[in-house]
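See structure below.
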Amino acid sequence: MWLSKDRLKKLDIHTKSLINKGIYNLYSCDESVNTSQYLLKTNDHQFYLLDSVGNITNSTSEKPKIKIKDTVFFNEVSTTLSVQINAVW
């Protein structure tokens, strides 16, 4: 599922970029079963339940028992990987 970059306003553009790169994972949740609308999983295996604007409603280090619907990505957000090399000569 693709969302506009303007959705989930509480998530900054850096977080949205990490989601698009696959470093973080964002999923929509079944709203008829769950009170949260999204689940964010970070690269350090932390789970954050988010409301419709991206506010964190709960966090845990264990996968919450919720019904997940779709993987979410953002339109118009850069997915280009950048590498900074600091050379010492």
Side-chain angles (χ1 to χ4, degrees):
M1 168 188 341
W2 288 88
L3 298 178
S4 164
K5 70 176 182 177
D6 299 325
R7 295 277 306 269
L8 295 172
K9 293 181 186 281
K10 295 293 182 168
L11 294 181
D12 63 24
I13 197 72
H14 177 69
T15 301
K16 291 175 182 178
S17 179
L18 290 172
I19 291 165
N20 279 8
K21 292 175 185 173
I23 297 169
Y24 288 3
N25 303 104
L26 182 66
Y27 305 98
S28 63
C29 300
D30 186 343
E31 297 169 40
S32 66
V33 178
N34 310 297
T35 57
S36 298
Q37 293 190 356
Y38 298 96
L39 172 67
L40 175 66
K41 179 183 174 236
T42 63
N43 60 334
D44 60 354
H45 302 289
Q46 290 294 314
F47 297 89
Y48 298 92
L49 292 169
L50 309 174
D51 66 11
S52 62
V53 294
N55 290 312
I56 296 171
T57 59
N58 195 4
S59 65
T60 180
S61 59
E62 296 180 18
K63 184 178 182 262
K65 295 181 185 342
I66 59 171
K67 186 168 182 174
I68 293 173
K69 291 187 343 186
D70 298 307
T71 302
V72 178
F73 298 98
F74 293 94
N75 290 320
E76 304 166 7
V77 174
S78 173
T79 58
T80 306
L81 291 175
S82 60
V83 177
Q84 178 179 352
I85 299 173
N86 295 320
V88 178
W89 300 94

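These numbers were taken from a predicted model, which means no experiment stands behind them. Counting begins at 1 with the first residue of the sequence.
- Taking Asn55 as the reference, Asp51 meet the side-chain hydrogen bond (donor to acceptor under 3.5 Å, both in side chains) condition, with sequence neighbours excluded.
- Across all their heavy atoms, Phe74 and Trp2 have their closest contact at O-CZ3, 3.4 Å.
- When all heavy atoms of Leu11 and Gly54 are compared, the pair lying nearest together is CD2-O, 4.4 Å.
- Side-chain atoms of Asp70 do not come within 3.5 Å of backbone N or O of Ser28 as any donor-acceptor pair.
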Given Tyr38 and Leu3, is the side-chain contact (heavy atoms from CB on, under 4.5 Å) satisfied, shown in steps?
CA-CA 12 Å; Tyr38 298 96; Leu3 298 178; 3.9 Å; yes

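- Counting only heavy atoms from C-beta outward, the side chains of Ser61 and Gln46 approach each other to under 4.5 Å.
- To the nearest 0.5 Å, atom CG of residue Asn75 and atom CZ of residue Arg7 are 11.0 Å apart.
- Nearest approach of Ser36 to Cys29, heavy atoms of both residues: O-CB, 3.5 Å.
- Between Leu26 and Leu50 the shortest side-chain heavy-atom distance falls below 4.5 Å.
- Note that the CG atom of Asn58 and the CG atom of Leu39 stand 10.5 Å from one another [nearest 0.5 Å].
- Smallest separation of non-hydrogen atoms from Ile19 and Val72: CG2-O, 3.4 Å.
- Taking the side chain as every heavy atom from C-beta outward, Ile68 and Asp30 never approach each other to under 4.5 Å.
- Checked by atom type and distance alone, the side chain of Lys16 pairs as donor or acceptor with a backbone atom of Lys5 at under 3.5 Å.
- No single ILVMFWY cluster, assembled from side-chain heavy atoms under 4.5 Å apart, contains both Leu18 and Phe73.
- Proximity of a side-chain donor or acceptor of Thr57 to a complementary backbone N or O of Leu49 within less than 3.5 Å is detected.
- Taking OH of Tyr27 as the start and NZ of Lys69 as the end, the distance is 15.5 Å to the nearest 0.5 Å.
- Proximity of Ile13 to Val77: side-chain heavy atoms (C-beta onward) are separated by under 4.5 Å at one or more points.
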Please step through side-chain hydrogen bond (donor to acceptor under 3.5 Å, both in side chains) for the pair Asn20 and Ser17, ending with a clear verdict.
CA-CA 5 Å; Asn20 279 8; Ser17 179; over 6 Å; no

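- With hydrophobic clusters built from ILVMFWY side chains whose heavy atoms lie under 4.5 angstrom apart, Val53 does not share a cluster with Leu40.
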